[in-house]
*Asks:* 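The structure under discussion is supplied below as structure tokens; questions concerning it will follow.
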Amino acid sequence: MRLLDALKKLFTPKRSPSLSVPPQMLPAMMRQIEMTQAVEYSCEDVHRLLDQFTEAVMRGEDAAALMPLIQRHLEMCPDCREEFEALLRILKAPLTS
Amino acid sequence: MKRTNAQWLDSLRSDGLAQEEALTDLRATIVNGLPYALSKWLSPADPLFEAFIEEVTQETVMRVLDRLDSFEGRSQFTTWVYKIAVRVALTELRRRRWKDVSLDEMLESDEGGAAQSVMTDPASSPESLVERSDLVAHIQRVMQEELTPKQLQAMMAVGMKGVPLEEVARRMEMNRNALYKLLHDGRVRLKQRLEKEGLPMGELMTTFEAR
């Protein structure tokens, strides 16, 4: 039995028993999990296309329908969403050149 | 001077006066646009504002020159430049904002009423409170079983205090792209497990949102 226990201990993946998701985080996490798709763009994929996506938004096109993977990533990734919003603010600004 | 995409590329790739003029215009373009991008982050009245704009502009010009060949012409050249400037600026602002916060501190739970509302909403019936409490315990257990410690840490740091992925990634010694993938893999595993157990996400959301 001791050998069996030792083997179990050895081959059981180490988990982090101390970390437990607080209940108040669960609704937001559940929403994210619900929106999860098997295939999603990475942050770099989105960065590569963000200028085109933002210009499409500025032209009044349905960018979310034209580039759904980007739209979905922006809904999931706060960093990329902030960058999109910042870029959009520049394009909306009354710049002269 | 207003330039077409081709004119920007030609001028920046040339040498002498044409390149100098293009570089001056490029710098001015970035300096003029950045304050709008940063309006939610940094006020022009901030004593650090001008130095920060200058620092970001320099770094952006260097990156633009370094990556000219990767510009595909599918957007305005200036939009492409702004995209790079925004990434440079926000990366630095995030780093500054979170520089004194360790990963452990990012994982500390904020005590407050939010937990109460999920677990003990006074408007709920005793039966639904028990049901919700059981569900919370079950999902916590599923997370422990399905996620690696790194996935759990990352999910909590990002979800708990809204820490940017970039800053969580820095502390976990990976890049933001890799962290997003780590989180995505974790979400996919959780979704598959919950669906396999016959707990469709829609129903779970209804239970949490029930009042």
Side-chain angles (χ1 to χ4, degrees), chain A residues 13-56 58-59 72-73 76-97, chain B residues 1-2 25 28-29 32-34 36-40 74-76 78-80 82-83 86-87 89-90 94 107 109-110 112 114-115 117-119 136 139-140 143-145 148-149 152-153 155-156 158-160 162 164-166 176-177 180-181 184 187-188 190-191 194 201-202 204-205 208-209:
Chain A
K14 284 185 181 166
R15 300 285 161 184
S16 179
S18 58
L19 273 185
S20 183
V21 176
Q24 69 265 33
M25 277 183 67
L26 289 180
M29 276 191 173
M30 289 298 104
R31 262 191 298 278
Q32 286 237 320
I33 293 167
E34 186 184 22
M35 288 165 66
T36 295
Q37 303 289 314
V39 177
E40 289 181 10
Y41 267 178
S42 69
C43 296
E44 277 316 301
D45 293 329
V46 169
H47 184 67
R48 192 165 43 80
L49 297 166
L50 195 63
D51 44 350
Q52 295 172 52
F53 182 86
T54 313
E55 284 190 352
M58 282 298 291
R59 288 193 296 269
R72 201 158 282 152
H73 183 97
M76 301 293 277
C77 177
D79 291 28
C80 289
R81 190 164 58 246
E82 280 174 347
E83 289 170 20
F84 160 67
E85 289 167 355
L87 183 56
L88 191 62
R89 281 198 295 277
I90 300 181
L91 298 193
K92 284 182 174 175
L95 296 169
T96 48
S97 61
Chain B
M1 173 182 171
K2 181 123 175 120
D25 288 349
T29 300
N32 288 337
L34 268 178
Y36 295 97
L38 305 184
S39 59
K40 286 192 175 171
R74 295 175 193 268
S75 66
Q76 291 293 311
T78 48
T79 306
W80 182 73
Y82 286 137
K83 174 180 77 173
V86 163
R87 171 61 70 89
L90 295 199
R94 288 171 186 138
L107 294 171
S109 175
D110 288 327
S117 72
V118 174
M119 298 290 283
V136 165
I139 293 171
Q140 285 173 324
M143 285 183 158
Q144 291 277 347
E145 289 170 4
T148 65
L152 197 51
Q153 270 187 334
M155 238 178 228
M156 288 175 66
V158 172
M160 193 105 70
L165 266 71
E166 193 129 29
R176 173 168 143 194
N177 221 36
Y180 188 86
K181 183 164 186 332
H184 175 242
R187 286 188 275 107
V188 168
L190 289 172
K191 189 172 188 177
L194 293 172
M201 297 308 302
L204 288 178
M205 290 307 302
F208 278 123
E209 286 163 3

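Chain letters run A, B, ... following the sequence lines, proteins first and then strands; every chain starts at 1.
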*Asks:* Identify which of A:Asp79, A:Thr36, A:Leu87 forms the greatest number of heavy-atom pairs closer than 4.5 Å to chain B.
*Replies:* A:Asp79
*Asks:* Shorter than 4.5 Å, heavy atoms on both sides: which option in A:Ala38, A:Pro78, A:Ala28 has the most such pairs with chain B?
*Replies:* A:Ala38
*Asks:* Given the options A:His73, A:Met76, A:Lys92, A:Glu85, which has more heavy-atom pairs under 4.5 Å with chain B than any of the others?
*Replies:* A:His73
*Asks:* What I'd like to find out is whether the side chain of A:Glu83 reaches to under 4.5 Å of the side chain of B:Lys83, using heavy atoms alone.
*Replies:* no
*Asks:* Any cation-pi pair here, A:Arg72 with A:Phe53, using under 6.0 Å and within 45°?
*Replies:* no
*Asks:* Is the shortest heavy-atom distance from the side chain of A:Ser20 to the side chain of B:Met143 under 4.5 Å?
*Replies:* no
*Asks:* Pick whichever of A:Gln52, A:Arg89, A:Met29 has the most heavy-atom pairs under 4.5 Å with chain B.
*Replies:* A:Arg89
*Asks:* Output the option from A:Leu49, A:Leu91, A:Val21 having the highest count of non-hydrogen pairs under 4.5 Å with chain B.
*Replies:* A:Val21
*Asks:* Quick one: what part of B:Glu166 sits under 4.5 Å from any heavy atom of chain A, side chain, backbone, both or neither?
*Replies:* both
*Asks:* Within the 4.5 Å heavy-atom criterion, are B:Arg176 and B:Pro164 side-chain neighbours or not?
*Replies:* no
*Asks:* Check whether any side-chain heavy atom of B:Leu38 lies under 4.5 Å from a side-chain heavy atom of B:Leu90, and answer yes or no.
*Replies:* yes
*Asks:* Tell me which of these, A:Glu44, A:Gln32, A:Glu55, has more heavy-atom pairs under 4.5 Å with chain B than the rest.
*Replies:* A:Glu55
*Asks:* To the nearest 0.5 angstrom, please state how far the CD1 atom of A:Ile90 sits from the OG1 atom of B:Thr79.
*Replies:* 9.0 Å
*Asks:* Where does A:Met30 contact chain B at under 4.5 Å (heavy atoms): side chain, backbone, both or neither?
*Replies:* both
*Asks:* So, taking the atom named OG1 in B:Thr29 and the one named CG in B:Leu34, what distance separates them when rounded to the nearest 0.5 Å?
*Replies:* 10.5 Å
*Asks:* Most heavy-atom pairs under 4.5 angstrom with chain A, which of B:Leu165, B:Leu194, B:Leu190?
*Replies:* B:Leu165
